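All chains are named by letter (A, B, ...) in the order of the sequence lines, taking the proteins before the strands, and each is independently numbered beginning at 1. As the structure is a computational prediction, the values presented were derived from the model and not from experiment.
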Protein chains: 2
Amino acid sequence: MKKTIYQSCPIARVAMLLSDRWTMMILRDLVRKPMRFNELGESLETISTRTLTVKLKRLETLGVIRKKDACYTMTATGRKIGPIMNEMEKYGRKYLLKNVG
Amino acid sequence: MKKTIYQSCPIARVAMLLSDRWTMMILRDLVRKPMRFNELGESLETISTRTLTVKLKRLETLGVIRKKDACYTMTATGRKIGPIMNEMEKYGRKYLLKNVG
DNA sequence: CAGGATCCCGCGGGATACTG
DNA sequence: CAGTATCCCGCGGGATCCTG
């Protein structure tokens, strides 16, 4: 993707935010409730500590989450991602059941 | 991500569908209207023909899009992704403006 | 428990050239 | 135009060990 597309396309920006192996899963968890590092690690089962660290830091930098005494919570703008996650859940609940995995 | 999580978690399935560099952008285009190969290529600007081929084939296999005489269109279940894309656009329009890119 | 530091590997994906 | 075929490289991310 070109750089300039981020300025012009809202979906491109969201794509940059979400398009890696773990970010959606992390947000799925944090949208529900604040969680600590190891708690996230166990929920995500196979994520490495390194990757979890990297992804959390990135989300913090982007202003989507915040660390509050060893607990990661969504920020105000982060919580606005909720509707996206809801639609994802609705879709995933009905479709892709046999295909993926 | 573990395999078993796909059976149990709807969001994990959607994550598998969407979490790569190009799929969201392709769907962004196809949700709006059917498009041909090169048309998509120009819209996405920097995607390679190889990657576009691979991604389109994958979406076809997953039953999300269909090729209809050299034109790619969303299937019925593919069109259900619309609400996700809408929420993404709403979010991207208001947030991430300075951060990403 | 909550990470930081290294080391290393696979594969996602770009570049390029070719075909019906 | 709509791909297919190779070749190749970067980096996302796993494994492992170490620290406060």
Side-chain angles (χ1 to χ4, degrees), chain A residues 1-6 11-30 33-62 64-74 99-101, chain B residues 1-6 11-30 33-62 64-74 99-101:
Chain A
M1 284 196 272
K2 260 189 182 169
K3 276 189 185 176
T4 55
I5 204 175
Y6 304 138
I11 292 185
R13 287 195 290 275
V14 176
M16 281 312 290
L17 173 66
L18 298 179
S19 62
D20 62 63
R21 176 106 91 261
W22 288 109
T23 298
M24 294 191 214
M25 300 301 287
I26 294 173
L27 293 177
R28 171 203 67 172
D29 283 353
L30 292 183
K33 59 168 181 175
M35 289 173 83
R36 349 188 83 230
F37 188 86
N38 278 11
E39 199 179 355
L40 277 165
E42 289 165 27
S43 169
L44 301 174
E45 300 191 64
T46 58
I47 196 172
S48 68
T49 71
R50 181 192 164 282
T51 302
L52 184 53
T53 306
V54 170
K55 294 307 168 185
L56 287 172
K57 200 154 290 175
R58 177 167 177 267
L59 288 172
E60 240 186 306
T61 303
L62 292 175
V64 170
I65 69 175
R66 167 188 306 124
K67 189 173 16 170
K68 190 168 184 173
D69 42 55
C71 223
Y72 294 90
T73 73
M74 303 296 278
N99 310 296
V100 187
Chain B
M1 285 196 272
K2 261 190 184 172
K3 275 188 186 176
T4 56
I5 203 174
Y6 305 138
I11 291 184
R13 288 196 289 276
V14 176
M16 281 312 290
L17 173 66
L18 298 180
S19 61
D20 63 62
R21 176 104 96 258
W22 288 110
T23 298
M24 295 192 214
M25 299 303 286
I26 293 172
L27 293 178
R28 170 202 68 174
D29 283 353
L30 291 183
K33 58 167 182 176
M35 289 174 82
R36 348 188 86 229
F37 189 86
N38 277 11
E39 199 179 356
L40 277 165
E42 290 164 27
S43 169
L44 302 174
E45 302 190 63
T46 58
I47 197 173
S48 69
T49 70
R50 180 192 165 282
T51 301
L52 185 53
T53 306
V54 170
K55 293 306 167 186
L56 287 172
K57 199 153 292 174
R58 178 167 177 268
L59 289 172
E60 240 185 306
T61 302
L62 292 175
V64 170
I65 69 174
R66 167 188 306 124
K67 189 177 9 172
K68 189 169 184 171
D69 41 55
C71 223
Y72 294 91
T73 72
M74 302 297 276
N99 309 295
V100 188

Asks: Is there a side-chain contact between E39(B) and C71(B) (heavy atoms, below 4.5 Å)?
Replies: no
Asks: I need the CG-C1' distance between L52(B) and dA5(D), as an integer number of Å.
Replies: 16 Å
Asks: With a 4.5 Å heavy-atom cut-off, do S19(A) and M24(B) have their side chains touching?
Replies: yes
Asks: At 10 degrees resolution, what angle do the end axes of the helix from dC1(C)-dG20(D) to dG20(C)-dC1(D) form when each is taken over five base pairs?
Replies: 50°
Asks: For dA2(C) and K67(A) - does any side-chain N or O of the residue sit under 4.0 Å from the phosphate oxygens OP1/OP2?
Replies: no
Asks: Quick one: list whatever passes side-chain contact (heavy atoms from CB on, under 4.5 Å) with T51(A), sequence neighbours left out.
Replies: W22(A), I47(A), S48(A), K55(A)
Asks: What is the minimum heavy-atom distance between D69(A) and R36(A), and which atoms define it?
Replies: O-NH2, 4.4 Å
Asks: Under 4.0 Å, heavy atoms only, any strand: does T49(B) hit a base, just the sugar-phosphate, or nothing?
Replies: base
Asks: Please find the pair of heavy atoms, one from M35(B) and one from S43(B), that lie closest to each other, and give the distance.
Replies: CE-CB, 4.1 Å
Asks: In whole angstroms, how far is the C1' atom of dG3(D) from the CG atom of D69(B)?
Replies: 16 Å
Asks: Roughly, in whole Å, what's the span from CD1 in I47(A) to C1' in dG14(D)?
Replies: 10 Å
Asks: Give me, pair by pair, the N or O atoms of the protein and of nucleotides 8-13 of chain D that are less than 3.5 Å apart, along with how far apart they are.
Replies:
residue: dG13(D); atom: OP1; partner: R21(A); partner atom: N; Å: 2.9
residue: dG13(D); atom: OP2; partner: K55(A); partner atom: NZ; Å: 2.8
residue: dG13(D); atom: N7; partner: R50(A); partner atom: NH1; Å: 2.9
residue: dG13(D); atom: N7; partner: R50(A); partner atom: NH2; Å: 2.8

Asks: So, R58(B) side chain and L17(B) main chain: donor-acceptor pair closer than 3.5 Å or not?
Replies: yes
Asks: Kindly give the heavy-atom pair with the smallest separation between L44(B) and R28(B), and that separation in Å.
Replies: CD2-NH2, 3.9 Å
Asks: In whole Å, I'd like the distance from the CG atom of N38(B) to the C1' atom of dG20(C).
Replies: 15 Å
Asks: Whole angstrom is fine here: how far is it from CZ in F37(B) over to P in dG20(C)?
Replies: 17 Å
Asks: List the steps, then state whether side-chain contact (heavy atoms from CB on, under 4.5 Å) holds for L30(B) with V64(B).
Replies: CA-CA 10 Å; L30(B) 291 183; V64(B) 170; over 6 Å; no
